[in-house]
Amino acid sequence: MERAATAAEPLDDLLPAPVLSLQRAVRFGLIGGMAAVVVAAIGMVETFEARTLIDPFLALGLTTLYLASFTFGFVAGSPPPEREGFAKPKAGLRSLAAGAIAGVLAGVVLSAFMLLADAVNLRNIFVSVSPQLLELLTFGKGLGTGILLVLVVSTAVGVAGSAVHLIPAQVRRPIMYTVMWVLLVGLLQSVIEPVFRGLGLPSLIDVLYEEAGGLRLAGVVIVAAAVFLLSFFLGGKGRALQGRLDALPAQRRRSYISILLLVAAAIVYMIPRVVGPFLSEVLDLAGLYLLMALGLNIVIGYAGLLDLGYVAFFAVGAYTTAILTSPNSPRFTPEMTLWASLPFVVLAAALAGLLVGTPVLRMRGDYLAIVTLGFGEIARILLNSDALKETFGGAQGIINIPNMVIGPLTVRGPEVFFYPIFIFAILAGYVSLAIQNSRMGRAWMAMREDELVAETMGVNIVAAKLSAFVVGASLASIGGALFAVKVGSVFPSSFNIVVSITILVLIIVGGMGSVPGVTVGALALVALPELLREFNEYKFLMYGILLIFMMLKRPEGFIPSKRRALELHQDEVLQDAWLQIYGDEETGPQEEGV
Amino acid sequence: MPLFRTEGLTKSFGGLRAIDSLDMHVDEGEIVSVIGPNGAGKTTFFNLVTGLEKPDDGVIEFDGQPIVGLVPSQIIKLGIARTFQNVRLFPNMTVRENVMVSRHCRTRSGLIGAVLRTPAFRREEEETRRIAEDTLGFFGTRLVGYRLDQLALVLSYANRRRLEIARAMASSPRLLLLDEPTAGMNPRETVEITELIGKMRDEKGFTILLIEHDMRVVRGVSDRVVVIDYGRKIAEGTYEEVAQNEQVIEAYLGRPAEKGA
């Protein structure tokens with residue numbers, strides 16, 4: 001009945017808005033409960049609990065656990081999609097009710113699990129379901145009170161999740177940012193502390209953090225206030241700034257941009273000095289992955305060739321460098337410098353690209369993926385084999401790869417190594433962007449779209465495929481060379497399939513074809529698990545969850561290239577929408593462009 | 001000497017003779033329509049010419065040069081470009097890029113040039129862009145302006161057809177093969193395309209070989225009509241001549257019932 005009021009609004013010929021389904025809330029509550037149980041049963045809660053986020057009361061373990069209630073409360077409370085001819089659905093009390101239902105049910109499922117774990121010994125199957133875990137889940141208050149608490153907390157969190165929809169849109173974003181940043185700052189204590197120390201602000205650490213770990217309440221307030229104010233006042237100003245920069249005369253714009261670049265270069269120069277050796281090491285690793293991800297991005301994102309054996313080219317680069325530079329190389333010992341060997345490294349990788357590319361010229365899609373997967377394994381097994389031990393050193397690998405030398409400088413240690421990796425990653429990014437809008441880039445994209453038509457329109461498919469493989473292989477080989485020199489030795493075990501898969505995940509999560517996306521992907525997916533050791537254990541689980549989530553909800557990646565975003569959400573801007581924006585075909589503003 | 005000529009062209013799929021010793025020619029500057037009932041082998045004929053299928057037997061000559069055995073990318077380079085019956089664009093590329101792709105065979109810059117942004121690369125890129133936009137301008141205001149940066153997949157059906165024709169035109173062909181350019185278009189659009197086909201020959205100097213089912217289009221543009229049935233040429237001549245031909249009428253309408261049966 002209350003819906004009739006909505007229908008009486010100005011657009012009174014609309015049908016009443018569809019009502020939020022509470023049945024859906026039940027379903028999501030049960031799913032959320034299951035998710036919470038899984039998180040607890042595989043030991044994530046207990047492992048993560050060691051990291052305190054906000055000093056006395058919030059640690060990562062229970063946060064992760066109740067994230068399930070929050071997420072599914074949020075989903076259950078989200079208003080139904082708007083439909084043509086219907087009034088716009090609004091979030092209201094019903095949303096809160098849905099969130100509460102989801103929260104309660106998640107709590108019930110979790111409680112059932114706790115009762116089960118208490119009654120039966122589950123440790124034979126789930127090693128992590130220990131009495132300690134149970135104590136953690138019951139907040140140390142015994143089973144009876146504990147279950148009551150779980151139900152209350154889960155419901156409250158579920159309602160909180162659904163309440164997000166009730167917050168007015170203008171403040172929703174600042175509030176969400178604030179919460180996220182507070183949690184993030186709490187989480188990244190081990191990153192932020194050395195940075196502050198490097199910046200010469202150790203006193204700030206004591207204000208923000210408890211010595212034993214976790215944000216102090218004062219720290220929470222400071223971070224929250226800073227983020228809230230910044231996002232409230234600066235939100236959306238970035239675009240305006242960009243617009244003002246574009247409006248400047250070319251001469252002045254160029255000088256502004258060069259100043260910005262100089263500042264950026266100075267900051268980059270400072271990074272390893274400020275963050276210290278451990279963080280530099282992590283950044284180096286992320287940079288190497290970034291370099292390779294940019295290469296694979298050309299093969300998969302541009303040319304559409306799903307290559308799962310990309311690690312082979314990384315290995316070729318690393319081993320060629322090792323053989324050419326190390327005095328301990330078993331067969332050939334030319335003992336070149338890194339720079340002298342680099343052309344040969346790229347050449348070897350290009351040959352390897354041809355070697356892999358030629359037999360798979362006629363394959364597409366899944367078949368190509370399987371065959372290249374095989375090639376990746378072949379490379380590792382060959383390097384490991386006894387038959388080729390004379391050349392590659394078998395399982396003992398090749399050691400004593402000399403350091404990189406630039407003029408009088410010897411590049412040693414993660415802090416200094418940051419610079420060459422950074423420079424090569426920038427170069428790879430530039431090459432990717434430059435090729436994208438060129439004759440070959442277009443040929444690759446045409447081939448990705450429709451091989452037969454591309455061929456008919458003049459693209460030599462053989463040349464296009466092979467060149468994509470060769471360019472991708474070359475970038476990977478430079479990554480391999482840097483890796484070999486950085487570590488000082490190469491072993492076959494470093495080049496397993498996991499490397500290929502990780503790089504692929506980076507591309508998919510970051511955004512296929514998008515250079516900034518791949519960069520953020522490398523930082524978040526490679527660097528983060530290194531920084532937070534407890535994440536490392538569950539890294540692949542998280543990659544898997546993330547991949548499934550991305551495929552379902554954001555197939556264009558978190559920071560998509562403009563093009564991919566267009567492709568995948570095209571249904572929203574079909575012809576009619578364009579006509580609405582641009583007017584009738586004959587009279588539309590497009591004629592201005594003629 | 002004709003610009004394009006086939007002799008004894010034959011292609012079978014299993015037991016089916018799709019093209020059966022077909023002899024035909026197209027002179028420079030001509031517009032020739034190939035017509036015939038469904039399944040007569042018209043599209044197969046185009047596929048043979050553009051290298052997508054290999055003939056079992058016979059000769060295809062373009063500009064005095066045999067082209068049997070060449071791959072499609074070599075054939076478009078020689079100057080034969082085509083469109084497809086069921087429009088096949090690059091859906092996730094922009095309108096402009098779709099057309100720029102077909103300049104591939106007329107340009108030469110490679111990866112190194114692109115990375116170093118050499119003057120030659122920039123000049124060529126600029127020219128490719130200009131030619132693409134000029135070619136799209138051939139269709140009036142329909143494919144230019146904001147549409148240049150739209151993805152091909154958002155275009156209306158008729159615009160997709162136009163874009164496909166533009167893509168073929170941009171490769172600077174001498175012979176343009178159009179496979180049912182007006183299929184699925186409304187009468188107004190059909191008239192427009194008919195006029196454009198004439199304009200392509202007169203202004204751009206293309207020689208045009210056309211498959212078409214719409215007889216108004218065929219009558220409107222053709223210098224000569226070739227009728228194919230069961231892969232064989234059954235008639236050839238002006239539209240009027242062909243329309244009177246009994247074999248043609250039979251192929252389209254069937255044999256009259258035997259009297260007294």
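Naming: A, B, ... by sequence-line order, numbering from 1 per chain. This structure is a prediction, so every number in the text was calculated from the model and none was measured.
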Can you tell me how far the CG atom of B:Asn92 sits from the CZ atom of A:Arg448, to the nearest 0.5 Å? 6.0 Å
Inspect the surroundings of OH in A:Tyr367 and state if more than 12 heavy atoms from other residues, nucleotides or ligands are less than 6.0 Å away. no
Please look at B:Glu124 and chain A and tell me whether the side chain, the backbone, both or neither of the residue comes under 4.5 angstrom of a heavy atom of that chain. side chain
Heavy-atom pair of closest approach, residues B:Arg117 and A:Asn437: NH2-O, 4.2 Å
Looking at side-chain heavy atoms only, is the closest gap between B:Pro91 and A:Glu449 below 4.5 Å? yes
A:Arg362, CZ atom: more than 12 neighbouring heavy atoms under 6.0 Å: no
B:His104 and A:Arg442, any side-chain heavy atoms less than 4.5 Å apart: no
Cut-off 3.5 Å, no hydrogens considered: what does the side-chain donor-acceptor table look like for residues 198-210 of chain B, sequence neighbours left out?
{"unit_1": "B:Arg201", "atom_1": "NH1", "unit_2": "B:Gly29", "atom_2": "O", "d": "3.0"}
{"unit_1": "B:Arg201", "atom_1": "NH1", "unit_2": "B:Asp223", "atom_2": "OD2", "d": "2.7"}
{"unit_1": "B:Thr207", "atom_1": "OG1", "unit_2": "B:Gly29", "atom_2": "N", "d": "2.8"}

Residue by residue, scan residues 107-116 of chain B and write down, ordered by number, those that have a heavy-atom distance under 4.5 Å to chain A; if none do, write 'none'. B:Thr107, B:Arg108, B:Ser109, B:Leu111, B:Ala114, B:Val115
By number, which residues in residues 460-477 of chain A have some heavy atom less than 4.5 Å away from chain B? A:Asn460, A:Ser467, A:Val471
Contacts of residues 70-90 of chain B with chain A (heavy atom under 4.5 Å): B:Val71, B:Pro72, B:Ser73, B:Ile76, B:Arg82, B:Phe84, B:Arg88, B:Phe90
